[in-house]
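Before any comments, here is the structure.
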Amino acid sequence: PFLLLLRVIFSIFVLTDFGAINWQNMMKSSGWDIDKNKEIRTNFYAIDCYSQQFGTCPSTETVKCMEVPYTLSQISIAVTDFLDTISTYSKRKPVVIIHSLSTLIENFGEDSVFRFMQFFMGKLRTDGITLGFSLQSEVHEDKTAKLLTGLADGIIELKGRQIRVSGFTGAPADWYDYVLSKEGVAIK
């Protein structure tokens with residue numbers, strides 16, 4: 001479950017289409033209140049690429065606000081800064097999640113984002129760090145989606161209230177219903 005992931009692993013979220021406060025409110029509405037759960041709060045880091053354009057970014061020890069406009073290399077530097085911070089007090093490897101690549105493609109173009117992802121994923125893999133990213137379905141050309149998902153080790157697709165997992169050994173290609181709860185993601 002997603003909640004378990006947040007408890008066990010340090011998570012660095014690169015938020016490009018909504019801000020850190022919105023993300024925390026979304027989590028809270030699903031019953032996962034980061035502010036009330038110290039274990040999750042201390043493992044959660046965010047690079048907010050969205051809120052600064054509205055002057056509402058809450059820069060803290062765990063939230064880094066990107067100046068607008070920002071560059072792809074600035075995102076990489078911000079992630080590296082958090083990785084360095086985490087490595088000073090833990091040997092656990094974090095998970096880096098980019099939400100969403102679609103916004104980066106809109107801002108920087110398909111070719112630039114693909115080259116960035118090749119570099120960025122290679123850098124993180126070398127350090128033993130897992131990278132996840134979201135990509136809006138049916139928004140990009142088929143070629144772009146195939147190139148980007150081709151970089152991934154596995155794919156989790158969400159459609160309405162259904163989930164499908166592919167690319168992992170033994171993962172069935174069927175769609176399953178799921179629900180969000182305080183315990184995490186439950187697949188029916």
Side-chain angles (χ1 to χ4, degrees), residues 2 5-6 9-27 34 43-88 90 92-158 166-168:
F2 187 61
L5 173 76
L6 285 173
I9 300 174
F10 291 98
S11 303
I12 301 172
F13 286 85
V14 179
L15 304 171
T16 65
D17 57 353
F18 52 86
I21 291 172
N22 301 94
W23 190 88
Q24 289 174 329
N25 288 339
M26 180 183 64
M27 297 295 290
I34 293 171
N43 291 353
F44 166 76
Y45 293 81
I47 298 164
D48 187 332
C49 301
Y50 181 80
S51 300
Q52 195 63 21
Q53 63 188 326
F54 306 110
T56 60
C57 190
S59 191
T60 66
E61 288 181 9
T62 60
V63 176
K64 186 176 291 251
C65 301
M66 299 299 292
E67 292 293 326
V68 177
Y70 57 89
T71 65
L72 294 172
S73 62
Q74 287 173 312
I75 292 173
S76 180
I77 291 167
V79 169
T80 300
D81 288 347
F82 277 146
L83 292 174
D84 291 344
T85 298
I86 292 167
S87 71
T88 63
S90 178
R92 291 188 300 172
K93 300 291 185 180
V95 171
V96 176
I97 300 168
I98 300 175
H99 191 296
S100 155
L101 278 186
S102 297
T103 304
L104 295 180
I105 291 169
E106 181 181 315
N107 292 337
F108 299 104
E110 296 168 353
D111 292 339
S112 294
V113 171
F114 181 71
R115 284 192 307 275
F116 167 74
M117 289 300 290
Q118 283 182 306
F119 162 78
F120 193 56
M121 289 177 88
K123 175 182 169 185
L124 294 176
R125 280 184 179 150
T126 299
D127 293 336
I129 296 167
T130 301
L131 172 68
F133 61 85
S134 66
L135 185 66
Q136 300 295 1
S137 64
E138 301 176 14
V139 172
H140 308 286
E141 290 183 28
D142 194 40
K143 173 189 162 197
T144 302
K146 284 182 179 178
L147 283 171
L148 289 167
T149 56
L151 295 173
D153 293 328
I155 298 170
I156 301 170
E157 296 174 88
L158 302 174
S166 60
F168 300 99

With sequence neighbours excluded, tell me which residues meet salt bridge (charged side-chain N to carboxylate O under 4.0 Å, His left out) with Lys143.
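Not a single residue meets the salt bridge (charged side-chain N to carboxylate O under 4.0 Å, His left out) criterion with Lys143.
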Just to verify, what does Glu157 make a salt bridge (charged side-chain N to carboxylate O under 4.0 Å, His left out) with, not counting sequence neighbours?
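Checked Glu157 against salt bridge (charged side-chain N to carboxylate O under 4.0 Å, His left out); matches are Arg164.
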Sequence neighbours excluded, which residues qualify as side chain to side chain donor-acceptor pair (under 3.5 Å) partners of [X]?
X: Gln52; result: none
X: Asn107; result: none
X: Gln74; result: Thr71
X: Arg125; result: Asp153

Nearest heavy-atom pair of [X] and [Y]: which atoms, and what distance?
X: Asp48; Y: Gly19; answer: OD2-CA, 3.3 Å
X: Leu148; Y: Phe133; answer: O-CZ, 3.5 Å
X: Val68; Y: Cys49; answer: CG2-O, 4.3 Å
X: Leu15; Y: Ala46; answer: CD1-CB, 4.2 Å
X: Ser112; Y: Leu72; answer: O-CD1, 3.8 Å
X: Asp127; Y: Lys93; answer: O-NZ, 3.2 Å

Rounded at 0.5 Å granularity, tell me how far [atom1] in [X] sits from [atom2] in [Y].
X: His99; Y: Leu104; atom1: NE2; atom2: CG; answer: 11.5 Å
X: Ile12; Y: Ile98; atom1: CD1; atom2: CD1; answer: 11.0 Å
X: Ile97; Y: Thr130; atom1: CD1; atom2: OG1; answer: 9.5 Å

Are Phe82 and Phe13 close enough that their ring centres sit under 6.0 Å apart?
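Ring centres of Phe13 and Phe82 not closer than 6.0 Å.
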Do Tyr50 and Trp23 make the cut of ring centroids closer than 6.0 angstrom?
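No; Trp23 has its ring centre 6.0 Å or more from that of Tyr50.
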List the residues meeting side chain to side chain contact (heavy atoms under 4.5 Å, CB included) with [X], not counting sequence neighbours, and say none if there are none.
X: Ser59; result: Cys65
X: Gln136; result: Asp17, Ser100, Ser102, Val139
X: Phe119; result: Ser76, Lys123
X: Ile21; result: Asn25, Pro58

Please check if the side chain of Thr149 supplies one atom and the backbone of Ala145 the other of a donor-acceptor pair under 3.5 Å.
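Answer holds: yes.
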Residues pairing under salt bridge (charged side-chain N to carboxylate O under 4.0 Å, His left out) where one sits in residues 58-84, two or more places apart or in two chains, turn out to be Lys64-Asp81
May I have all residue pairs that pass salt bridge (charged side-chain N to carboxylate O under 4.0 Å, His left out) and include part of residues 101-122, sequence neighbours excluded?
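Residue pairs with at least one partner in residues 101-122: there are none.
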Would you indicate whether the side-chain heavy atoms of Leu124 and Leu83 approach each other to under 4.5 Å?
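In contact.
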Should Leu147 and Thr144 count as side-chain neighbours, where that means a heavy-atom distance under 4.5 Å?
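The answer is no, as the side chains (C-beta and beyond) never meet within the 4.5 Å cut-off.
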